[in-house]
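As the structure is a computational prediction, the values presented were derived from the model and not from experiment. Naming convention: chains lettered A, B, ... in sequence-line order (proteins, then strands); numbering from 1 in each chain. No hydrogens, no waters, no symmetry mates; every other heavy atom, side chains included, goes into these values.
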Amino acid sequence: MKIVFFGSSHFALPALEGLIKSGFNIVCVVTQPDKQKGRHLHISSTDVKTLADNAGLAVFQPQDINSDDSVRYLKATAADLFVIVAYGQILSEEVLELSKIMPINIHASLLPRYRGAAPINYALINGDKVTGVTIMKVSRKMDCGPVISQKELQINEEDTAISLERSLSQLGAELLLETLKNIKNVKLFPQDELKATLAPKLRKSDGLIDWEKSAGEIYDLVRGTLPWPGAFCYYKSKLLKIYSVEKFMLFNKKNFSCGEIAEILKDGIVVAVGKGAVIIKQMQIEGKRKMTAAEFIAGHKVNIGEIFLSKK
RNA sequence: CGCGGGGUGGAGCAGCCUGGUAGCUCGCAAGGCUCAUAACCUUGAGGUCAACGGUUCAAAUCCGUUCCCCGCAA
């Protein structure tokens, strides 16, 4: 069985690794082109490309996967199966039909819940206790194809989007290998459209902290938006990224307003919020590196009564 | 050469504009107080002020170059 693997981000790595280790015939790895990235616009390639190179696989990096050239290239591979994992481009129907058996995709949620680019983040931001991975047949509409297999995963209280992504990508890889055993005659289960929810790509502004919300909601925002955009607010007209907080539910609010510093501990800053309070443990002010609350307090003359804002 | 902030004892910062004795909070060490403490008081150690070059009687401070870190944008 000839497989063409499409993937670009971190999430795709365990799946590709699993396929390689299990000895599947990967005729080509398609990934996003090398791009100028970062502060000095250095050229960098995707992790998937690095892995494929190390395994000696053919790599294809089209600017536009749906162009005539790309279609010609993919057709020439005579692939039986397309495996698409966090690739970053939407494949046209013409491209999808180039695989003889079908194109399949690993999605990091229990579809039809959380269709879209950021399912892991939304599961955390919404405070879900359970999520999972889904393998489905790719259809024209994004994440709407019929489901082939699913696996659940409990979300821990300490999980962040980073740890959960790691767990789900592993789980997804396992499920992929299992599913491939019998891929030629699997059953397809159409998604229940009524239960569908969306998890669109995050924007920077999705990380902005609304201090009117409850301690639990803010905790979930902090862990759900890592590593990007990260939860943030403004302090003395500077962007302050919040990396880690603890919930403080039994907080006596008294006269503190939302976002106001209520107490300064040795290793944390207690901030009154809509319901309860949170203790900021790790943060990063604009222009500086990430630091613990203790370090931040030592250098910034933080006072009780100062307010973390949601605007500059 | 995308835009912007920064590099000062172990950590975090002030000082720089307007050159002239190295400062603050914390940590560390010793001593004191205390039934006791992450509390309080006293004392102390620890710095090529990122690097190189220039201006000057004199540079952390002004000028030039390089290296490194971070925020934004993509």
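- The backbone N or O of A:Val48 lies less than 3.5 Å from no partner atom in the side chain of A:Thr31, so there is not a single donor-acceptor pair.
- For B:G44, the paired base is B:C28 (Watson-Crick or G-U wobble, both distances below 3.5 Å).
- When all heavy atoms of A:Gln32 and A:Gln61 are compared, the pair lying nearest together is O-NE2, 3.0 Å.
- Rounded to whole Å, the C1' atom of B:U42 lies 16 Å from the corresponding atom of B:U34.
- A:Lys301 has no side-chain polar atom (N or O) that falls below the 4.0 Å cut-off from OP1 or OP2 of B:C13.
- One atom, CD of A:Glu286, and another, P of B:G71, lie 10 Å apart when rounded to the nearest Å.
- Using atom P as the reference point in both B:G6 and B:C13, the two lie 12 Å apart (nearest Å).
- Distance NZ (A:Lys266) to C1' (B:U25): 11 Å, rounded to an integer number of Å.
- Base pairing of B:C52 is made with B:G64, judged by Watson-Crick or G-U wobble geometry with both donor-acceptor distances under 3.5 Å.
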Apply salt bridge (Lys or Arg N to Asp or Glu O under 4.0 Å) to residues A:Lys275 and A:Glu217 and explain how you reach the verdict. CA-CA 9 Å; A:Lys275 197 169 155 198; A:Glu217 286 171 303; over 6 Å; no

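- Listed pair A:Lys288 / B:C13 meets the phosphate criterion, a side-chain N or O lying under 4.0 Å from OP1 or OP2.
- Separation of the C1' atoms belonging to B:G7 and B:A51 is 11 Å when rounded to the nearest angstrom.
- The P atoms of B:G44 and B:C3 are separated by 49 Å, rounded to the nearest whole Å.
- Pair check for B:G9 finds none; no Watson-Crick or G-U wobble contact set falls under 3.5 Å.
- For the pair A:Leu239 CG and B:C3 P, the interatomic distance rounds to 20 Å; values are reported in whole Å.
- The C1' atoms of B:U21 and B:G47 are separated by 15 Å, rounded to the nearest whole Å.
- Where A:Lys241 and A:His300 meet RNA chain B, the nucleotide closest to each residue was compared, and A:His300 sits on the side nearer the 5' end.
- The environment of CD in A:Glu193 is crowded: more than 12 heavy-atom neighbours from other residues, nucleotides or ligands sit within 6.0 Å.
- Taking atom P in both B:C26 and B:A74, the straight-line distance is 42 Å, to the nearest Å.
- Closest to the A:Arg289 side chain, of the nucleotides B:G7, B:A73, B:A11, is B:A11.
- Taking atom C1' on both B:A11 and B:G46, the two are 13 Å apart, rounded to the nearest angstrom.
- At whole-Å resolution of the value, CE in A:Met291 and C1' in B:G27 are 15 Å apart.
- Straight-line distance from the NZ atom of A:Lys236 to the P atom of B:G5: 20 Å, rounded to whole Å.
- For A:Gln284 and A:Gly287, each mapped to the nucleotide of RNA chain B holding its nearest heavy atom, the one lying further toward the 5' end belongs to A:Gly287.
- Remark: C1' of B:G5 and NZ of A:Lys238 are 6 Å apart, rounded to the nearest angstrom.
- A cation-pi contact, defined as under 6.0 Å to the ring centre and within 45° of the axis, is absent between A:Lys281 and A:Tyr243.
- Here B:G71 presents its C1' atom at 16 Å from CE of A:Met283, a figure rounded to the nearest Å.
- Between the P atoms of B:C63 and B:U18, the separation comes to 10 Å (whole Å).
- Nucleotide B:G2 forms a Watson-Crick or G-U wobble pair with B:C72, both donor-acceptor distances falling under 3.5 Å.
- One finds no salt bridge joining A:Glu286 and A:Lys236 here, because no Lys/Arg side-chain nitrogen approaches an Asp/Glu carboxylate oxygen to under 4.0 Å.
- Taking atom CG on A:Leu240 and atom P on B:G6, their separation rounds to 17 Å, with Å as the unit.
- Using a 4.0 Å heavy-atom criterion, one finds that A:Lys204 contacts the sugar-phosphate atoms exclusively.
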